[in-house]
Student: 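Please read through the structure below; I'll follow up with questions.
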Number of protein chains: 2
Amino acid sequence: MEDRIRIGDVSKRAGVTPRTVRYYESIGLIPPGEREGQGQHYYTEETVVRLRKITQLKKLGLSLDEISEVIDLYFTDPSGVQAKTKVLAILRRYLKETDEKIDAFQQFRSELQAHIMRFEQWLKGKGHH
Amino acid sequence: MEDRIRIGDVSKRAGVTPRTVRYYESIGLIPPGEREGQGQHYYTEETVVRLRKITQLKKLGLSLDEISEVIDLYFTDPSGVQAKTKVLAILRRYLKETDEKIDAFQQFRSELQAHIMRFEQWLKGKGHH
DNA sequence: CCCAAACATAACGTTAACGTAATGTTTATT
DNA sequence: AATAAACATTACGTTAACGTTATGTTTGGG
């Protein structure tokens with residue numbers, strides 16, 4: 001494990017573009033890649049995992065802002081009672097929102113189902129003469 | 001029921017801005033409000049319902065493009081076997097995507113739960129001396 | 001040491017979904 | 001008829017999350 005992954009590989013392995021990596025780094029969503037003076041940036045295995053986690057959360061519809069609120073949970077523990085209590089509040093809020101979203105989606109799902117069945121019924125009627 | 005609702009009321013009752021109504025009308029997401037020559041636009045009861053439905057679908061993360069693919073289902077039936085079969089395909093695709101999203105959200109939910117419990121546990125340990 | 005491939009930086013471009021003036025016209029009320 | 005409130009139209013502005021040149025620098029293999 002060389003653990004000195006360059007941006008080309010890190011982005012390829014995470015399924016994003018180099019531009020995305022730089023962008024995330026610029027907004028502090030991923031830790032800055034180390035470098036020697038003026039040279040290139042070197043990332044680690046953890047960066048890859050972190051990037052994958054980010055894309056996964058994005059698929060849930062979380063914005064990068066929202067992601068930056070929780071992403072650290074997956075990699076580091078906030079220290080101190082203070083921080084943990086604060087994070088806990090955020091988590092509970094997300095849990096609530098997530099539950100609501102799941103409900104909404106299930107509602108939507110059953111509407112879809114109803115429409116689909118209606119159409120199938122209609123087409124079946126047309127089918128056999 | 002006057003059924004000649006002006007943009008101010010229609011937007012207020014649907015919980016959106018007049019700008020949004022005009023925008024949706026401009027992209028054909030809602031039917032154009034009738035008008036006498038050069039006058040104002042008059043909308044109907046159905047416009048209100050339609051707008052509410054749109055905002056509801058938006059909360060599910062559907063884009064306006066995606067919404068325009070399915071919105072008509074709620075108000076008119078596509079006529080002809082041809083059209084119905086096509087719409088049915090779209091619906092099935094959405095059903096699949098919706099199921100995947102629900103799964104992803106439930107996954108996310110359980111991750112949240114796990115984190116929350118871990119934090120609560122930690123804080124409880126700190127609690128009683 | 002040389003050179004192509006990969007990288008760095010800066011800056012302008014892009015899409016979605018409206019927001020926000022600015023200005024002129026309708027409509028309803030007095 | 002006057003006037004204020006609501007409406008219409010045009011056009012420029014905004015945010016998020018990058019894409020896309022353009023140009024110059026680093027790096028690794030021969």
Student: By the definition salt bridge (charged side-chain N to carboxylate O under 4.0 Å, His left out), identify the one residue from A/E45, A/E34, A/E36 that meets it with A/R4.
Tutor: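 Going through the options one by one, the only one that passes is A/E36.
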
Student: Check the phosphate of C/dT15 against B/S63, side-chain N and O only, distance under 4.0 Å to OP1 or OP2. Yes or no?
Tutor: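 Answer no for this pair, as no side-chain N or O of B/S63 is under 4.0 Å from OP1 or OP2.
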
Student: So, OP1 or OP2 of C/dA17: does either fall under 4.0 Å of a side-chain N or O from B/Y24?
Tutor: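 No, outside the criterion.
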
Student: Donor-acceptor pair, distance only, cut-off 3.5 Å: does the side chain of A/T20 make one with the backbone of A/V16?
Tutor: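 The answer is no, because no donor-acceptor pair under 3.5 Å joins these two groups.
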
Student: Nearest heavy atom decides the nucleotide; on that basis, is A/G39 or A/D65 closer to the 5' end of DNA chain D?
Tutor: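 Closer to the 5' end of DNA chain D: A/D65.
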
Student: Return no unless some side-chain N or O of B/H41 is found under 4.0 Å from OP1 or OP2 of D/dA6.
Tutor: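 No, outside the criterion.
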
Student: Rounded to the nearest Å, what distance is computed from the CD1 atom of residue B/I27 to the P atom of nucleotide C/dT15?
Tutor: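 After rounding, the reported distance stands at 16 Å.
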
Student: What nucleic acid atoms does B/R22 come within less than 4.0 Å of, heavy atoms only: base, sugar-phosphate, or nothing?
Tutor: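 If one applies the 4.0 Å heavy-atom cut-off, B/R22 turns out to touch a base.
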
Student: Between A/R4 (CZ) and C/dA6 (P), how many Å, whole number?
Tutor: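 Distance check: A/R4 CZ to C/dA6 P gives 18 Å.
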
Student: Could you tell me whether a side-chain N or O of B/R52 sits under 3.5 Å from a main-chain N or O of B/R13, the two making a donor and an acceptor?
Tutor: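 Judged by distance alone, yes, a pair lies under 3.5 Å.
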
Student: Quickly work out the A/E66 CD to D/dA16 P distance and round it to whole Å.
Tutor: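 To the nearest whole Å, that distance equals 12 Å.
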
Student: Could you check whether B/K12 gets within reach of a base, just the sugar-phosphate, or nothing at all, counting any heavy atom under 4.0 Å?
Tutor: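 Here B/K12 touches no strand at all.
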
Student: Looking only at the side chain of B/K58 (C-beta and beyond, no hydrogens), which of the listed nucleotides D/dG19, C/dC18, D/dC7 gets closest?
Tutor: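 So the side chain of B/K58 is nearest to C/dC18.
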
Student: Tell me: CG of B/L62 to P of C/dA17, nearest whole Å?
Tutor: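 It is 11 Å, rounded to the nearest whole Å.
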
Student: Please report the distance, rounded to the nearest Å, between CG in A/L29 and C1' in D/dA17.
Tutor: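 To the nearest whole Å, that distance equals 12 Å.
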
Student: Nearest heavy atom decides the nucleotide; on that basis, is B/L64 or B/E36 closer to the 5' end of DNA chain C?
Tutor: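 Going by which nucleotide is closer to the 5' end, it is B/L64.
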
Student: Roughly how far apart are B/T47 OG1 and B/Y24 OH, rounded to 0.5 Å?
Tutor: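 If we round to the nearest 0.5 Å, B/T47:OG1 and B/Y24:OH are 14.0 Å apart.
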
Student: Answer yes or no: does a side-chain N or O of B/S11 lie under 4.0 Å from OP1 or OP2 of D/dC7?
Tutor: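 So the side-chain polar atoms of B/S11 never come under 4.0 Å of the phosphate oxygens OP1 or OP2 of D/dC7.
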
Student: Taking the same atom, P, in D/dC12 and in C/dG13, what whole-Å distance lies between them?
Tutor: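 Comparing P positions in D/dC12 and C/dG13 gives a spacing of 16 Å.
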
Student: With a 4.0 Å cut-off on N to O distance, would you call A/E66 and A/R93 a salt bridge?
Tutor: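 No, this pair does not count.
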
Student: Both conditions, 6.0 Å and 45 degrees, for the charged tip of A/K53 above the ring of A/Y74: are they met here?
Tutor: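 Ring-cation test returns yes.
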
Student: A/Y23 side chain: which of D/dA17, D/dA8, D/dC7 is closest?
Tutor: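 The answer is D/dA17, which lies nearest to the side chain.
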
Student: From CD1 of B/I7 over to C1' of C/dA28, roughly how many Å is that when rounded to an integer?
Tutor: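 B/I7 atom CD1 is separated from C/dA28 atom C1' by 18 Å.
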
Student: Counting side-chain heavy atoms from CB outward, which of C/dC7, D/dG19, C/dT27 is closest to A/R19?
Tutor: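 Among C/dC7, D/dG19, C/dT27, the one nearest the side chain of A/R19 is D/dG19.
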
Student: Please pick, from D/dA8, D/dG19, C/dA6, the nucleotide with the shortest atom-to-atom distance to any side-chain atom of A/T17.
Tutor: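 For A/T17, the side-chain atoms sit closest to D/dG19.
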
Student: A/Y42 OH to D/dT26 P: how many Å, rounded?
Tutor: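 The answer, rounded to whole Å, is 12 Å.
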
Student: For the pair made of CD1 in B/I54 and P in C/dA17, what is the distance, rounded to whole Å?
Tutor: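 One finds 11 Å between P of C/dA17 and CD1 of B/I54, rounded.
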
